[in-house]
There are 2 protein chains.
Amino acid sequence: MSDATFGRAPTLENPLLGLLLIRPMHGYDLHQVLIDNVGMVWHVRQSQTYSTLDRLERRGLIVGDIEEQANRPQRKVNSLTAAGRQRADKWLVTPGRCSVQIIRMDLPVRLFILAHLAPRRVPEVLADQRQAIFDGYMDMNRSLAAIPPDQPYNRMAVAFRVHQVWAMLEWLDHLLQSYQNNSA
Amino acid sequence: MSDATFGRAPTLENPLLGLLLIRPMHGYDLHQVLIDNVGMVWHVRQSQTYSTLDRLERRGLIVGDIEEQANRPQRKVNSLTAAGRQRADKWLVTPGRCSVQIIRMDLPVRLFILAHLAPRRVPEVLADQRQAIFDGYMDMNRSLAAIPPDQPYNRMAVAFRVHQVWAMLEWLDHLLQSYQNNSA
DNA sequence: TCGGATATACTCACTCAGTGAGTATATCCG
DNA sequence: CGGATATACTCACTGAGTGAGTATATCCGA
C-alpha cells in the first residue's frame with residue numbers, strides 16, 4: 001500500500017474488512033469498535049469510516065443490507081463478499097511487510113480480530129510477523145553496511161530505519177511473551 | 001503537519017525551503033541534491049519537486065527568476081522571500097515534534113543544510129532535538145501507565161510508540177557521539 | 001413538560017499532495 | 001547519424017480523507 005500510485009495509501013480498508021470477519025456490522029458499530037479499542041492512537045473520523053465502506057462496496061468487497069429498527073434510524077449492515085473475505089483472511093494471517101507504518105496501524109487490529117476468531121493462532125501469527133520483521137532487519141543492516149562512507153545522510157537515514165525496526169522486534173518480543181504468559 | 005486538514009501532510013516543502021537557505025537553486029538542481037543525499041530512503045519524483053515549488057511560489061515563500069543558458073534549456077532559479085526565509089530558518093533549528101515520521105523525513109536534510117550553513121551549530125541542534133524527543137518519550141510513558149488494563153489494544157499500540165521513540169533516542173545518541181568524535 | 005444536549009446512523013461537496021506521462025532543448029557516443 | 005541520455009519542466013489526473021452537515025430518536029435537568 002505504500003507502493004501507492006496516485007491518491008494515498010488507504011489505511012482503513014483492511015481493518016474494516018477484518019472486523020467484518022467477526023460479524024456483519026453497520027458503519028456506526030464498526031466505527032465504535034475502532035474508537036473503543038485503538039482510539040487512543042488512531043483517530044478515525046466517522047466520515048472516513050463511511051467513505052471507506054463506500055469504496056469497499058464499490059469494489060465488490062462488501063455488500064450492505066438495510067435493516068429497519070424499532071426506535072432507531074434504519075441502518076445498513078455490511079457483510080463480506082467472497083472476494084472481501086478472501087482479502088480479509090489473507091490480511092489477517094499474512095505477516096505485514098517490514099514497515100513501521102503498516103505494523104503500527106494494522107497489527108493491534110489484527111490481534112483484536114484474531115482474539116475473537118482464533119485466539120489459539122495468535123502466537124503463531126506473532127511469530128510469523130516477527131520473522132518477517134527480522135528478515136527485513138537483516139536486509140536493512142546489509143543495506144547500511146553497503147553504503148559508502150561518502151554518503152553520510154543516506155547512512156544516517158538508513159541507520160534510523162534500522163533502529164526503528166529493531167525497536168519493533170523488541171516490542172514483538174514483549175507481545176509474544178505476554179501471550180505466552182497468558183496461555184500458561 | 002500531521003495535524004493536516006484535507007489533502008495530505010506536505011513532506012517536501014520544508015526541505016526545499018531549507019535547501020534554498022544554502023543558495024538559490026532551480027528545480028532540477030534541488031531535485032538532484034535530494035536524490036544524491038537521501039535518495040536511498042526518500043524517493044522523490046521530479047514532478048513532486050516542481051509541484052511543491054509551484055505551491056511554495058503560490059504561497060509567497062519563494063520567487064523564481066528565469067535565467068537563460070548558453071547550451072542548455074533556460075531554467076528558473078528559485079530564491080526565498082522574507083517569509084520563506086523566516087519559515088526555513090525556524091524549521092532548521094526548531095526541534096521537530098516527537099514524531100517518527102517527521103524526524104525520519106526532516107532531520108537528515110536539516111543536518112545536511114546545517115553542515116553547509118552553520119556546522120558548529122549541529123551538536124546544539126541535535127541536543128535540542130534529543131531533548132524534545134525525550135520529553136515526548138516521558139509523556140508517552142505517562143500515557144501508557146495511565147491506560148487501564150481493560151484496554152489491551154490501546155496499550156499495545158501506545159507501547160509500540162514508546163519503543164519507536166526510544167529507538168529514536170538511541171539513534172540520536174549515536175549521531176551526537178559521531179559529531180562529537182568528528183569535532184575532536 | 002419542554003427543549004437543548006446527546007446518541008444513533010449516515011451523506012456530501014470538497015481539499016489538495018503527489019503521480020505518470022509527457023514536453024522541450026541540447027549533448028553524447030557507437 | 002540517430003537513439004540514448006542529460007537538462008529542465010508541465011499537465012491532467014488520482015483518490016483517501018475532511019469538515020460540516022442531515023435525519024431520527026432518546027435523555028434529563030429546569
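Just so we're on the same page: letters track the sequence lines, and every chain starts at 1.
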Q.
Students often get this wrong, so: under 4.0 angstrom with heavy atoms, is A:His26 touching a base, only sugar-phosphate, or nothing?
A. sugar-phosphate
Q. Does any N or O in the side chain of B:Arg110 come within less than 3.5 Å of the main-chain N or O of B:Thr94, such that one atom is a donor and the other an acceptor?
A. yes
Q. With respect to the phosphate group of C:dC10, does any side-chain polar atom (N or O) of A:Tyr50 fall under 4.0 Å of OP1 or OP2?
A. yes
Q | Pair A:Gln131-A:Asp135, side-chain donor/acceptor within less than 3.5 Å | A | yes
Q) What is the distance from CG of A:Leu16 to P of C:dC10, rounded to the nearest Å? A) 13 Å
(Q) Looking at B:His116 and B:Leu19, would you say the former's side chain and the latter's main chain have a donor-acceptor pair under 3.5 Å? (A) no
Q) Which of these nucleotides, C:dT11, C:dT15, C:dG18, is closest to any side-chain atom of B:Thr52? A) C:dG18
Q.
Checking contacts here: which listed nucleotide (C:dC10, C:dT19, D:dA16) is nearest the side-chain heavy atoms of B:Ser47?
A. C:dT19
(Q) Between C1' on C:dT11 and CD on A:Glu57, what's the gap in Å once rounded to a whole number? (A) 14 Å
**Q.** Heavy-atom donor-acceptor pair, A:Thr81 side chain to A:Gly60 backbone, under 3.5 Å
**A.** yes
Q | Rounded interatomic separation in angstrom, taking CD from B:Glu13 and P from C:dA17 | A | 6 Å
Q: In whole angstrom, give the distance that lies between atom CD of B:Gln101 and atom P of C:dA17.
A: 16 Å
Q) How does DNA chain C look in dot-bracket form if you count Watson-Crick and G-U pairs under 3.5 Å, write [ ] for pairs that cross, and put | where a base pairs with another strand? A) ||||||||||||||||||||||||||||||
(Q) Is there a side-chain contact between B:Thr11 and the phosphate of C:dG18, meaning an N or O under 4.0 Å from OP1 or OP2? (A) yes
Q. Think A:Arg55 has a side-chain N or O under 4.0 angstrom from the OP1 or OP2 of D:dT14?
A. no
Q: Return the value, rounded to whole Å, for the distance between atom CG of B:Asp54 and atom C1' of D:dA12.
A: 14 Å
**Q.** Upstream residue (5' side of DNA chain D) when A:Asn71 and A:Leu12 are each assigned their closest nucleotide
**A.** A:Leu12
Q.
Show the nearest heavy-atom pair for residues B:Val109 and B:Trp91, with the distance to one decimal.
A. CG1-CH2, 4.2 Å
Q: Measure up the A:His26 and A:Tyr28 rings against each other and bin them: parallel (under 30°), tilted (30 to 60°), perpendicular (over 60°).
A: parallel
Q: For the side chain of B:Gln32, starting at C-beta, report the closest nucleotide among D:dT7, D:dA8, C:dG18.
A: D:dT7
Q.
Side-chain N or O of B:Arg45 versus OP1/OP2 of C:dT19: is the shortest distance under 4.0 Å?
A. yes
Q: Can you measure from CZ (B:Phe160) to CG (A:Leu107) and round to the nearest 0.5 angstrom?
A: 8.5 Å
Q: Pick base, sugar-phosphate or nothing for B:Gln46, based on heavy-atom distances below 4.0 Å to the nucleic acid.
A: base
(Q) Expressed as a whole number of angstroms, how long is the span from A:Ile66:CD1 to D:dA23:C1'? (A) 14 Å
Q) Looking at the side chain of A:Arg72, which of C:dT8, D:dT14, D:dA8 is the nearest nucleotide? A) C:dT8
Q: Would you mind classifying the nucleic acid contact of B:Gln69 as base, sugar-phosphate or nothing, using non-hydrogen atoms under 4.0 angstrom?
A: sugar-phosphate
Q: Figure out the CG/P separation between B:Asn14 and C:dA17, and round it to whole Å.
A: 13 Å
Q. With nearest nucleotides of DNA chain C determined for A:Ser51 and A:Arg75 from heavy-atom distances, which residue corresponds to the more 5′ nucleotide?
A. A:Arg75
Q) Between A:Pro73 and A:Gln48, who's closer to the 5' end of DNA chain D by nearest nucleotide? A) A:Gln48
Q) Considering only C:dT8, D:dT7, C:dG20, which nucleotide approaches the side chain of B:Tyr28 most closely? A) D:dT7
Q | Separation of B:Phe112 CZ from A:Met156 CE (nearest 0.5 Å) | A | 11.0 Å
Q) What's the CD-C1' distance between A:Gln74 and D:dT24, to the nearest Å? A) 10 Å
